[in-house]
Number of protein chains: 4
Amino acid sequence: MPNEIMPEGLWTGDYYNEGSGKDGVFDKLKEECGVFGVFGHHDAASLSYYGLHALQHRGEESAGICVADGVQFRYHRGMGLVKEVFGRELLESLQGDRSIGHVRYSTSGDSQITNAQPLVFKYRQGNLAIATNGNIVNEPALRRELEDSGSIFQTTSDTEVIAHLIARSPKNFVEAAKDALQRLVGGFAFLLMTGDKMIVASDPNGLRPLTMGRLGDAYVFASETCAMEVIGAEPVRDIAPGELLVLDADGLHEDRYTEAGRKALCAMEYIYFSRPDSDMNGSNLHSARKRMGSRMALESFVDADVVTGVPDSSISAAIGYAEQTGIPYELGLIKNKYTGRTFIQPSQELREQGVKMKLSAVRRVVEGKRVVMIDDSIVRGTTSRRIVNLLREAGATEVHVRITSPPFQNPCFYGIDTPDRRELIASSKSVDEICREINADSLSFLTPDGLISAIGGYDENSPKGGLCLACFDNEYPTQIDFGGEEKMGCSC
Amino acid sequence: MPNEIMPEGLWTGDYYNEGSGKDGVFDKLKEECGVFGVFGHHDAASLSYYGLHALQHRGEESAGICVADGVQFRYHRGMGLVKEVFGRELLESLQGDRSIGHVRYSTSGDSQITNAQPLVFKYRQGNLAIATNGNIVNEPALRRELEDSGSIFQTTSDTEVIAHLIARSPKNFVEAAKDALQRLVGGFAFLLMTGDKMIVASDPNGLRPLTMGRLGDAYVFASETCAMEVIGAEPVRDIAPGELLVLDADGLHEDRYTEAGRKALCAMEYIYFSRPDSDMNGSNLHSARKRMGSRMALESFVDADVVTGVPDSSISAAIGYAEQTGIPYELGLIKNKYTGRTFIQPSQELREQGVKMKLSAVRRVVEGKRVVMIDDSIVRGTTSRRIVNLLREAGATEVHVRITSPPFQNPCFYGIDTPDRRELIASSKSVDEICREINADSLSFLTPDGLISAIGGYDENSPKGGLCLACFDNEYPTQIDFGGEEKMGCSC
Amino acid sequence: MPNEIMPEGLWTGDYYNEGSGKDGVFDKLKEECGVFGVFGHHDAASLSYYGLHALQHRGEESAGICVADGVQFRYHRGMGLVKEVFGRELLESLQGDRSIGHVRYSTSGDSQITNAQPLVFKYRQGNLAIATNGNIVNEPALRRELEDSGSIFQTTSDTEVIAHLIARSPKNFVEAAKDALQRLVGGFAFLLMTGDKMIVASDPNGLRPLTMGRLGDAYVFASETCAMEVIGAEPVRDIAPGELLVLDADGLHEDRYTEAGRKALCAMEYIYFSRPDSDMNGSNLHSARKRMGSRMALESFVDADVVTGVPDSSISAAIGYAEQTGIPYELGLIKNKYTGRTFIQPSQELREQGVKMKLSAVRRVVEGKRVVMIDDSIVRGTTSRRIVNLLREAGATEVHVRITSPPFQNPCFYGIDTPDRRELIASSKSVDEICREINADSLSFLTPDGLISAIGGYDENSPKGGLCLACFDNEYPTQIDFGGEEKMGCSC
Amino acid sequence: MPNEIMPEGLWTGDYYNEGSGKDGVFDKLKEECGVFGVFGHHDAASLSYYGLHALQHRGEESAGICVADGVQFRYHRGMGLVKEVFGRELLESLQGDRSIGHVRYSTSGDSQITNAQPLVFKYRQGNLAIATNGNIVNEPALRRELEDSGSIFQTTSDTEVIAHLIARSPKNFVEAAKDALQRLVGGFAFLLMTGDKMIVASDPNGLRPLTMGRLGDAYVFASETCAMEVIGAEPVRDIAPGELLVLDADGLHEDRYTEAGRKALCAMEYIYFSRPDSDMNGSNLHSARKRMGSRMALESFVDADVVTGVPDSSISAAIGYAEQTGIPYELGLIKNKYTGRTFIQPSQELREQGVKMKLSAVRRVVEGKRVVMIDDSIVRGTTSRRIVNLLREAGATEVHVRITSPPFQNPCFYGIDTPDRRELIASSKSVDEICREINADSLSFLTPDGLISAIGGYDENSPKGGLCLACFDNEYPTQIDFGGEEKMGCSC
């Protein structure tokens, strides 16, 4: 039954410039991708199914699992949610004791089944499967260099570049992989699998999260600990910047492919992307977000009747703000679960008559009240304005917006899809101007120090608390200028 | 493409006794059904789609919409979620300016497309469509009486009984409907539609919620106000006990089919079933649940490190408990969204290894902590025991359970599917015994007075605050004994 | 996933007049329905699946199976082909040793899942399932009578009328069924099933085919013998006019519910509807159709270069014509299998550019040739004209049309959907006029005597060879005038 | 919704040896692939949809279309039939005035969406899409050579090898394509598309069919003329051995990439694979097959009562045999349309009880008769034995088998999936031995001269009538020995 209304592939002459960020369609940072790996469990595919399901928020566009049993690779990838892509019989056919899996959220307008990961290759030394999360800034230059020497590309994924680099090296697999990784500049988490080995690696700054756990004798790897929890695995530790783990018949080998740079884990993972029940650097994220809310209350208190959070990501921070101030936390905004490709969008006429998309304000809760509205970030400002107005239409007498992060002023080069700098409202407007633009009675952003302090964790003594704050302070932990050929966003 | 693994119909000789409540498979009250009606809007079907989607939590098994345009009826019903049952082209084909819709959660093990509502009939006076929520206690007796005089039944739904009663009356439609409604004993909300009229009615005690709103010139009816909010309709008032509204070309006619009994709205709607953003009797339910948590804190304080709620229904109450006590509210339990018919359940082996179904405890949050766990009710006790143990395995040093309702001791006859009385743990065990059974360090239930006080609303001066508390106090607002032929649960 | 673009139901105030025959959309007699029953085989559902699949040509709109095991009924019905409606798990869940099944081709524009058969009822005496093929001429009168005494109808199917008649009788099931059948006027084949009995019956003239076979100890019933062949059952005999078979724990009981009228099996079953590998009255239909072609060659020879048949129904006759005349049989016309609801129809522009729907002429075969084109019937004439023109455009120098049945002049009242009499070209035009209208060089119809002779069989000595030829000679075997309330076509 | 029960990919260390031919599962030559191209029509995608649908018999496993509009490529590929892979919205989104399309029948057990064609690549010079039918004998050697110099492979398709060869050439696209084609040994038909050009090419012996037509100003290319007929295009001519056509903004350029070898079109296309309404070398295939039957009657007459053909491919030949001998052609065998992945296979028990798979004999036609059974080929003999026995069980007194091709003794290297030589019954057994093995009363094969004579066409004066008869006479038109690395079957 035909179930897609988008063609599988769309390739233009200049596809690096297609980013969906330019069309004004969205005003929310796009979630990226998630990876999940198992080594040494006879039902690796099923564990991957549950693990990837727990990472579904990191990518709803495609899902894939590749398993190996020492003899052959079996894999399946498809467009859609994990539960849509895999059925029971299919999952049972994916026999093997190790696997790598992936969920993906396309950020380049190239919604292709061919880009669905893990990508699987055959080369001189045998089979090779790769799953990645992140972005390689110098990928265009590497791709051009490879094309110039005769390489062909079937995807727009960074992953295919890595495969080419490995295949062209005369060294053995592990050494070839190290060489290839050294050529990459960016933020990434990698899972690579061959017939007899698995490699797990993080970029030199540890920009993207990647964590290791144990389930009995098996090793488990995941973008977030919530995927450990659901399969009953015990979280062990995060993968370190520049680290490279090799798993084979002899077990786990800890190694590095490069010197570590400064630890710079993406702050937006704490603020917005990761699930509240995940831990990062030893902190539970719900608790960290509550601390952001508490800190915000100290930095910028306002007298009001109710505190409400923009669902779902700002609920925790709103509760923290309410706890700190004593102003009651109420459900002033409700997210309508208008989900999935099959949901029918209301007509223009119905939208004008008041049929709400995605968010409604609850009249009974906000009518005649002074409302503190907690949100995690402001990108273009259009969404914030819309929510403020929803609250006003429902009768709020005042709306005070509190953002639990500093002004978002710079694009991401490490895997988060952001619009052009000039579309980031905070890059050109003052806080007062933004406040007027979004029609709020008052507006405050959390300070960088407040954010670092709220996040906490064991890297408190690192510069910036071990965080990448480039989107707020323009200090990128890697080279980002490659003569105009650099790539932003995410194309994992 | 075959997409169902259950046969459409299964009829036994004695199907009234099949209730799923007996097999020990579930330990949670089953949600019931939801109804939604529109009168006087040219895109009645689309409004119904969004309205029913907002009521999806009341029934995920089947969905249906019947529209009328003065000339003919067009309808569609199917198994599954609203978004699965209706596609764009289908919805566009349902042209008409009035409609009744339904979502259903089967409670009798008879998962049949033939039972999906609205049911549509043709009889002497023309077309007739009916959608209901609730349960008719004396339905078996009425059905037997009808069969004895030659009636045939194609469903096991109460609705078909009503249709027979109406069709056999020699009176006009409105009078026939009044006569039919007078014969019913139970708790129910009805929407009936003919070629030129719509009837909206509530049982004599107002046991099931039903509310009216306006969208421009159109009238809208829904089980909960959240369905008003989403389409931009303005809530007007609840339908009163015994009230019968007639809508026709001349507009709205307010009428009654019987005297009102004592107002007795189902307390479980406040405690558990309805969405937190809905209002009932003028109270927002999130706020009411927070007050239940606050009241619980006053009635039964315990010193602890964190408060956590069993998702999703007890989050509001847990926040109230935390606000009242100053103990921080944390995400100690996470609900895994293992949803839908297509999700693959983990094998027994994986479950034993720790793959979690539905709920996980968050180790980082609860390890080494004294936890207050807020839940809405205890049915058999098995689920509570499982959750307490999850928290202990994740390292909680103490687990104090606080239930925001009185002990659940008596079955429901008005539309909520409950197990046999002997399976209700509170009907035979003391609070101390239950506490030991669920492995808690302490256990408290909210008092009936505490519950009534927390709910509040304009019926504060009615007996029991205008609530049905029969499941707690065994005082049923209607006759429930029909010589052994009475029907429990819900078969709308 | 929503997979239907038609609403389930559409009921008008005057739905008897909706027939699709009036809109000029089709110019082909619509196939009707097929029934299949099993009594005494432990895998009755699977046999029904294969049997109904073999009868798929009799109805592609819906399919259903109801099984019984002595304790309960299990059934499933759905829109679509047998293989689409039933999946493996579903079929395995339909446990039982007897079953009745149905495939349906709607002829009344009321494409409803509620009309899908078997219909299943509960009444005073227990469960009742019914599957039918045919049409009850006096159904409107019976329905009105039932409505007037308070009956409600959920379908537009004849079957529901039978159920009401049975349920209202105070007699036991077999006697009640006999009484009900006696009230029906029309052409029909019935399968009825209760908790412990099955009834098989044919109308008093045997208008619709129904045959019995054995598979080991089990009894099998089917509309055509091809459904016996596929499951390995041995055909035994056809059900006789007015016969009623009862099957129960004691085996088969042969009985009658009325006197037999004159045997009048539908001639169009021989000419067009039934599969060429089926037997009727002891004749293989491919052979019978070849004899129609041979007889046509004798009645109306024309010198030509090639003989071609309009696929699929006229291939056999074309081979017969070629054998008799020595003119080679060639593939001058090819049917494009543009099948199913999901196939995308060409745009108007593409059709005008030559993208062919359904039929193409093969240029290489017909270019420069004199062609004899064999077809089974002419209804409105528009299709014949189109095919003749296709052959001319592909280069045929002459096109001689030979129709292997007499001119079709009268509507059917016994289960075949025909347009109004005034739209039947042969009812108002002479053969010469039709010949000009369809742009043929010559045109001949088979004579009634030629048809009877070609069909042959054991009823050669009956009036009209035991056939109903009413559509050709206006001599209906039953009363057809019920004061304007009579129903034509098929609504089984 | 998960709808596949096979994993997408399965890669072993030695996947060239996996051929499905070894497992004894099938005893019928597998159909291969089909290609379809359009240049210069604004609705290229829709034409491809209808054209590929007409070629569906050449491959039912996957389908794909890639369109170009001068700026970008848009493509979609999926597992399943053309009508399943493409829906309306999807097709409408494939905007462009040129396209190449493909249907595929996997022959290597590697049922992968990644192998679905057209494959689409990006390389130094821009976008490149390729669709092929056939087999490259020296593909393993070329692949190894490419891997040794660092190439990676994502598919097991020949097509990816071509793309690598083109990408590694420093020449312009057309010259690079010529160089690449010259390195290939085998039988193939190619469609290549870049941003501004399309290339159409056939192997040096013209082993696989490929034909050109016009539709207005547009050019159309297809594996068979039946795909022209359905879209109203006029067939122009076949592509010649070694020919290479280039289409660009200036129109059609006729060119060659190599000298033509001897013309050697696959005889099995005439005998079995192609549709009877297609033309090859100027002959209609139904007519050619009738001539094979006629010739067979002359070479090997036997007195009998009925002639029957094994459906569908041998119906034409059976009619020819009947016409020549005067023995009537009857429907003694019926093919059950048990089609598609969703059809439920009968259990072992039901098969033993007589539920027929695929073929049934019609008792009424063959009982007591001497039957001539016409078939196109015998591969292993198991199927023939089964069909002969079906006829005997249905009462045939004698069964005389006539095969309209010579004994099949040698594997194909040019795109037809054949079992190992030792499993070809004719490679080790005499005609008499085969006759006993298949339980026939007599058996004859058509002589090679008889076959050549029956096929006819304009290559009558070429060696072997311009046909490849290697499977019958072991005289392969190309080198087939590549030191054990040669590849058989089809992996397009």
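So you know, we letter chains A, B, ... as the sequences are listed, proteins then strands, and number each from 1. On a predicted model such as this, the values are computed, not experimentally measured, just so you know.
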- Message: For a 4.5 angstrom cut-off between non-hydrogen side-chain atoms, does A:C226 reach B:I334?
- Response: no

- Task: Using a cut-off of under 4.5 Å on heavy-atom pairs, state which of A:L331, A:V362, A:N284 scores highest against chain B.
- Result: A:L331

- Task: Taking the side chain as every heavy atom from C-beta outward, state whether A:L359 and A:P311 have any pair of such atoms under 4.5 Å apart.
- Result: yes

- Task: Can you tell which part of B:P235 gets under 4.5 Å to a heavy atom of chain A, answering side chain, backbone, both or neither?
- Result: neither

- Task: Begin from the C-alpha positions of A:E60 and A:Q56 and carry the test side chain to side chain donor-acceptor pair (under 3.5 Å) through to its verdict.
- Result: CA-CA 6 Å; A:E60 302 188 343; A:Q56 190 76 77; 5.9 Å; no

- Note on the structure: Under 4.5 Å to a heavy atom of chain A? For B:A54 that would be neither

- Item | A:S294 vs A:E323, side chain to side chain donor-acceptor pair (under 3.5 Å): CA-CA, chis, key distance, verdict | CA-CA 7 Å; A:S294 299; A:E323 280 186 11; 5.7 Å; no

- Query: Does any heavy atom of chain A fall under 4.5 Å from the side chain of B:L333, the backbone, both, or neither of them?
  - Reply: neither

- Task: Just give me the residue among B:G326, B:P328, B:A322 that pairs up with chain A most often, heavy atom to heavy atom, under 4.5 Å.
- Result: B:P328

- Task: Could you tell me whether B:E234 and A:R363 have a side-chain N and a carboxylate O separated by less than 4.0 Å?
- Result: no

- Message: Quick check on the interface: out of B:D43, B:D277, B:L215, B:V82, who has the most heavy-atom pairs with chain A under 4.5 Å?
- Response: B:D277

- Task: Could you tell me whether A:R58 and A:E224 have a side-chain N and a carboxylate O separated by less than 4.0 Å?
- Result: yes

- Message: Heavy-atom cut-off 4.5 Å, strictly under: side chain, backbone, both or neither for B:E349 against chain A?
- Response: side chain

